[in-house]
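Given the structure is predicted, the values throughout are model-derived calculations rather than measurements. Just so you know, ligand 1 is whichever comes first in the structure, and atom 1 is the first atom listed for that ligand. Both backbone and side-chain heavy atoms feed into the values below; hydrogens, waters and symmetry mates do not.
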Amino acid sequence: MKVKRAAKYGFCSGVRIADLKVKRFAATGGRGAILGQVVHNERVVEEMEKLGVRTVDEITAVEEPTIVFSAHGVPPSFHSEAKSRGLNVLDTTCKFVYDIHRESKDALAAGCHLVFIGDPNHREVIGYTRDLDPSVYHILLKVSDVEKVDWTQYERVKVFYQTTLNADEFEDVVRRIEQLTKVVQRADTICYATKENQDAARVLAHDPEVDLIVVIGGKKSANTKHLWEICREMKPAYLVQGADDLDPQWFGSANVVGVTAGSSTPDYVIDEVEARISAL
Ligand code: SF4
């Protein structure tokens, strides 16, 4: 069986930098705890734990001198809370996430009502909204959510997308807001790394040579799930965290297996999956 990788897959620049920062910190004897997964991948979390940097869910659970904020970013108040607890901060927030923090703050100051297209439970979206008064923003995902809002009360609206979303899938949501509101601006916040991985996954899924696709990534990784959704529209597609999740029954008479991976999947996991498929 031949393996064909997507032209673009795996770690994005933000995750690569976060991963490096934490490893460098651990290698120089740093003792810290990461708030939430540093990136959404269980193998990376295990690797960090082996290096002595464990993962915690609350700031109150940090016993080490340093708290690590992940690539997804945190609400600004977390920085002051960490400081008030006497913790050092190792901030690995991606620069693109910081761009949204900055742009949404400016939009608010300019009198816009904020709309975040995204998952209200995703840490990136929580980072943008947790500190805000609930009256100044909405988090929306569906047209039916848009219909529930009285848009006449807002003069200007600015729309932001969670970086890892596929904007095309939410065009109907944003169009509906535009129909109901006087002035709507869209911020260009879809991360290019996510888009490049998605475009390459689409090309792979349309490749007539490819019989099925294996998508590799963490259980909690939103962008990996999106890649899988794109692939399965065209071909049988399976989502795995690593080589151990592969089921030989999936491959039947397949000759060419497409492989892609979410932006939080380390290179070595992709290599392991490819080796296991080739050996089948
Ligand atoms: S997917 Fe994009 S926004 Fe998210 S961490 Fe990676 S580079 Fe940053």
Side-chain angles (χ1 to χ4, degrees), residues 6-25 34-45 47-48 53 55 68-76 78-79 89-105 114 116-130 139 159-170 186-202 215-231 239 241 260-270:
K8 181 82 182 54
Y9 57 86
F11 266 10
C12 58
S13 58
V15 165
R16 213 170 272 285
I17 291 168
D19 185 62
L20 272 174
K21 275 186 178 172
V22 178
K23 283 182 181 156
R24 208 171 289 155
F25 167 77
I34 305 167
L35 185 65
Q37 297 182 346
V38 66
V39 295
H40 280 160
N41 187 286
E42 288 70 19
R43 285 287 294 276
V44 176
V45 173
E47 201 187 343
M48 296 298 171
V53 185
T55 300
V68 182
F69 291 143
S70 76
H72 306 99
V74 292
F78 282 25
H79 284 268
V89 171
L90 175 62
D91 189 5
T92 72
T93 303
C94 175
K95 90 181 237 326
F96 298 121
V97 171
Y98 262 138
D99 286 346
I100 300 180
H101 277 273
R102 204 173 308 115
E103 199 173 341
S104 58
K105 196 173 163 201
L114 308 181
F116 295 92
I117 307 289
D119 174 358
N121 298 315
H122 192 284
R123 283 193 290 138
E124 180 193 326
V125 177
I126 292 172
Y128 302 138
T129 55
R130 166 84 60 95
I139 304 171
V159 177
F160 296 84
Y161 298 88
Q162 185 180 329
T163 52
T164 45
L165 292 188
N166 177 354
D168 295 345
E169 286 173 20
F170 300 92
R186 300 182 187 211
D188 181 13
T189 58
I190 301 288
C191 170
Y192 73 89
T194 310
K195 192 170 178 317
E196 281 175 6
N197 280 4
Q198 289 173 354
D199 289 347
R202 215 166 271 122
V215 182
I216 315 163
K219 267 191 288 196
K220 294 185 187 164
S221 164
N223 75 83
T224 306
K225 193 160 163 263
H226 285 130
L227 289 179
W228 174 62
E229 283 163 358
I230 287 169
C231 293
L239 189 54
Q241 287 189 76
T260 184
S263 59
S264 44
T265 312
D267 299 339
Y268 60 84
V269 174
I270 303 166

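Of the protein's non-hydrogen atoms, T163 OG1, 4.0 Å is the one closest to atom 4 (Fe) of ligand 1. The protein heavy atom nearest to atom 6 (Fe) of ligand 1 is C12 SG, 2.2 Å.
Side-chain atoms of F69 and F78, non-hydrogen and from C-beta on, do get closer than 4.5 Å to each other.
Every atom of ligand 1 is numbered from 1 in the order shown, and the set under 4.0 Å from a heavy atom of T194 is 1 (S). The ligand atoms of ligand 1 that sit less than 4.0 angstrom from a heavy atom of C191 are 1 (S), 2 (Fe), 3 (S), 7 (S). Listed by number with element, the atoms of ligand 1 under 4.0 angstrom from any heavy atom of F96 are 3 (S), 7 (S), 8 (Fe).
For the pair D19 and R16, the salt-bridge criterion is not met [side-chain N within less than 4.0 Å of a carboxylate O]. A salt bridge does not link R43 with E47: none of the charged nitrogens is closer than 4.0 Å to a carboxylate oxygen.
Atom 6 (Fe) of ligand 1 has no N, O or S atom of C94 closer than 2.8 Å.
Judged by distance alone, with hydrogens and angles left aside, the side-chain atoms of H226 form a donor-acceptor pair with the main-chain N or O of T164 at under 3.5 Å.
Ring-plane geometry between H79 and Y98 is classed as tilted, the angle between the planes lying from 30 to 60 degrees on a 0 to 90 degree scale.
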